[in-house]
Amino acid sequence: MDTQELIKTQVTSNPVVLYMKGSPKFPQCGFSGLAVQILHACGLKDFVAIDVLAEPAIREGIKTYANWPTIPQLYIKGEFVGGADIMRDLYQQGELQKLLQEAQA
Amino acid sequence: MLSAETLKGYIAHGLPCEHVQVVGDDGQHFEALIVSPLFEGKNMVQQHQLVYQALGDRMHEEIHALSMRTFTPATWAKLNAAL
């Protein structure tokens, strides 16, 4: 299975997937840490977090997949939602909470 | 080391903008505020992708972190009117 197929499988078989640097407990980059904090602020405790530092092929492949050059990247129900910036803006608008609730339903 | 001014030039060169503001003095982390008519009818992800396309490979090589706020001219005018 090539990287693009692997990513597709990962994002479509889990409601919420966060590609990040490091892990939720030990984020290795400020923006990745912010993304985790935002998800926790939405009351989301269990979500799939994929450490791209541990998987170089995914680290590059995910940028092609979403046509988005940076990490972190959040996926809800297989859809690319955005990076830390957009997660913050959606959270402030209350939109992210809605998207996450729908994903859990 | 990449300066905020240079990055502002990259953005303005690659994307027709009404207003571009970039701050950041460590050469790696930048914050940009961009107003462009091209953002009309696009959601946030698409707006940011336009900026990334304008920056092209520089995003991979020179820029570690770019935090963005993007606005259409109409939204920007409304915001300014409210100030």
Side-chain angles (χ1 to χ4, degrees), chain A residues 7 11 16-22 27-38 52-53 56-100 102-103, chain B residues 2 4 6-8 10-11 13-15 17 19-36 38-72 74-76 78-79 82:
Chain A
I7 293 168
V11 297
V16 180
V17 180
L18 180 67
Y19 291 88
M20 64 178 292
K21 289 176 182 171
Q28 299 300 309
C29 161
F31 287 103
S32 286
L34 174 61
V36 171
Q37 281 165 14
I38 291 173
V52 299
L53 297 179
I58 289 188
R59 179 175 187 172
E60 287 318 309
I62 197 71
K63 295 174 183 175
T64 315
Y65 187 84
N67 182 22
W68 190 265
T70 57
I71 303 290
Q73 291 186 16
L74 177 67
Y75 290 75
I76 297 178
K77 293 197 288 186
E79 289 290 317
F80 174 58
V81 172
D85 268 349
I86 288 175
M87 284 176 69
R88 182 196 55 214
D89 289 351
L90 289 175
Y91 173 70
Q92 283 163 351
Q93 295 159 15
E95 283 300 315
L96 187 58
Q97 293 84 328
K98 267 189 230 143
L99 286 170
L100 290 171
E102 281 159 22
Chain B
L2 184 65
T6 312
L7 177 52
K8 179 177 174 180
Y10 289 158
I11 294 173
H13 179 69
L15 183 72
C17 298
H19 176 71
V20 184
Q21 220 176 315
V22 177
V23 293
D25 48 18
D26 70 358
Q28 283 292 318
H29 300 79
F30 296 94
E31 281 201 43
L33 188 145
I34 305 154
V35 180
S36 168
L38 290 191
F39 294 154
E40 296 286 352
K42 292 202 166 52
N43 66 32
M44 254 190 280
V45 169
Q46 292 160 335
Q47 291 178 11
H48 288 212
Q49 280 172 329
L50 278 177
V51 179
Y52 285 135
Q53 265 147 30
L55 293 171
D57 292 338
R58 293 190 188 96
M59 251 330 275
H60 296 288
E61 285 134 21
E62 295 175 50
I63 303 161
H64 169 65
L66 172 58
S67 186
M68 277 191 260
R69 306 296 304 256
T70 51
F71 300 98
T72 61
T75 318
W76 181 242
K78 240 185 275 161
L79 271 174

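Below, read A as the first sequence line, B as the second, and so on, with proteins coming before strands; counting in each chain starts at 1. Keep in mind that this is a model prediction, so the values were computed, not measured.
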Which region of A:A84, side chain (C-beta onward) or backbone (N, CA, C, O), has a non-hydrogen atom less than 4.5 Å from a non-hydrogen atom of chain B, or is it both or neither? neither
With 3.5 angstrom as the limit, list the donor-acceptor pairs from chain A to chain B, or say none if there aren't any.
| unit_1 | atom_1 | unit_2 | atom_2 | d |
| --- | --- | --- | --- | --- |
| A:A66 | O | B:Q49 | NE2 | 2.9 |
| A:N67 | O | B:Q49 | NE2 | 3.1 |
| A:D85 | OD1 | B:S67 | OG | 2.7 |
| A:D85 | OD2 | B:M68 | N | 2.5 |

Pick one of side chain, backbone, both or neither for B:L66, based on which atoms fall under 4.5 Å of a heavy atom in chain A. backbone
Tell me the closest heavy-atom pair linking B:V45 and A:V81, and the distance in Å. CG2-O, 3.1 Å
